[in-house]
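Reviewing the structure listed below.
Below, all heavy atoms of this structure are taken into account, side chains as well, without hydrogens, waters or symmetry copies.
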Amino acid sequence: MKIYVSNLSFNVQDEELLNLFTPFGAVASAKVITDRETGRSRGFGFVEMEDDNAAQEAMQQLDKTSVDNRSIGVSEARPKSDRSFGNSPFKSDNGGYNKRKW
DNA sequence: GTTGAGCGT
């Protein structure tokens with residue numbers, strides 16, 4: 001399950017995310033999105049967990065909790081389009097991500 | 001020694 005973590009402090013990074021979600025279950029990957037140009041944190045990240053129910057658990061437990069003096073937000077991540085940044089400038093039909101009835 | 005909505009290359 002992919003998890004979207006928002007409102008992160010700018011000093012929290014991948015490892016911090018990992019440490020946050022690890023106690024709830026196996027974390028496949030944890031990544032804080034940093035600005036590609038400057039390298040600074042953008043204040044949000046993604047966490048991929050092996051176990052789905054562990055992910056749900058982590059979400060409820062970590063959402064709105066204070067991390068580094070900031071109340072973070074944890075929710076299920078949107079599906080990153082099957083091929084959003086491939087090679088074609090036309091990208092996907094929706095323009096980035098499936099804009100269904102979320 | 002930057003800053004605060006947001007869904008990653």
Side-chain angles (χ1 to χ4, degrees):
Chain A
M1 155 152 310
K2 288 197 191 100
I3 302 175
Y4 171 63
V5 188
S6 64
N7 199 261
L8 288 169
S9 168
F10 290 163
N11 14 20
V12 38
Q13 296 161 40
D14 310 35
E15 41 184 88
E16 305 299 331
L17 264 187
L18 187 64
N19 293 331
L20 281 175
F21 286 81
T22 303
F24 294 92
V27 176
S29 64
K31 177 170 58 181
V32 170
I33 306 305
T34 53
D35 192 76
R36 190 169 50 82
E37 312 178 23
T38 65
R40 289 180 204 106
S41 173
R42 290 183 61 181
F44 72 93
F46 291 92
V47 176
E48 173 84 31
M49 294 199 72
E50 302 280 354
D51 191 38
D52 287 25
N53 49 45
Q56 302 275 358
E57 188 68 17
M59 285 174 52
Q60 307 179 49
Q61 298 300 315
L62 296 175
D63 186 37
K64 291 176 300 186
T65 56
S66 193
V67 177
D68 195 62
N69 299 84
R70 288 245 186 280
S71 190
I72 72 173
V74 185
S75 57
E76 181 181 352
R78 296 198 187 98
K80 194 178 51 174
S81 258
D82 299 345
R83 44 192 173 87
S84 29
F85 71 103
N87 31 32
S88 172
F90 296 95
K91 302 199 273 188
S92 43
D93 318 353
N94 43 50
Y97 59 90
N98 295 329
K99 208 178 198 173
R100 291 211 156 171
K101 54 161 192 175
W102 293 93

Open item on the list: Can you give me the closest heavy-atom contact between A55(A) and I3(A), atom names plus distance?
Closed with: CB-CD1, 3.7 Å
Open item on the list: Please give me the minimum heavy-atom distance between L18(A) and A30(A), naming the atom from each residue.
Closed with: N-CB, 3.8 Å
Task: Cluster link M49(A) to I33(A), ILVMFWY, side chain under 4.5 Å - done: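 Hydrophobic grouping puts M49(A) apart from I33(A).
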Task: same_hphob_cluster(V47(A), L20(A)) at 4.5 Å side-chain heavy-atom cutoff - done: yes
Open item on the list: Are V74(A) and F21(A) packed together at the side-chain level, in the sense that at least one heavy-atom pair is separated by less than 4.5 angstrom?
Closed with: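 Yes, side chains in contact.
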Open item on the list: For a 4.5 angstrom cut-off between non-hydrogen side-chain atoms, does E48(A) reach M1(A)?
Closed with: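 No, too far: nothing below the 4.5 Å cut-off.
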Open item on the list: Quick check on side-chain contact (heavy atoms from CB on, under 4.5 Å): which of V67(A), V32(A), D68(A) does S9(A) satisfy it with?
Closed with: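 For S9(A), the side-chain contact (heavy atoms from CB on, under 4.5 Å) check succeeds only for D68(A).
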In whole angstrom, give the distance that lies between atom [atom1] of [X] and atom [atom2] of [N].
{"X": "E76(A)", "N": "dG8(B)", "atom1": "CD", "atom2": "P", "value": "15 Å"}
{"X": "R42(A)", "N": "dT9(B)", "atom1": "CZ", "atom2": "C1'", "value": "11 Å"}
{"X": "Y4(A)", "N": "dG8(B)", "atom1": "OH", "atom2": "P", "value": "8 Å"}

Task: Sorted by number, the residues of residues 14-39 of chain A with heavy-atom contact under 4.0 Å to DNA chain B - done: K31(A), I33(A), T34(A), R36(A)
TODO: Go through residues 44-73 of chain A and report each residue with a non-hydrogen atom lying under 4.0 Å from DNA chain B, sorted by number.
DONE: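 Output list: F44(A), F46(A), R70(A).
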Task: 5' precedence on DNA chain B between S41(A) and S6(A) (nearest-nucleotide basis) - done: S41(A)
TODO: Give one of base, sugar-phosphate or nothing for I3(A), where a contact means two heavy atoms less than 4.0 Å apart.
DONE: nothing
TODO: Sequence neighbours left out, what passes side chain to side chain donor-acceptor pair (under 3.5 Å) with T38(A)? Give chain and number order.
DONE: D35(A)
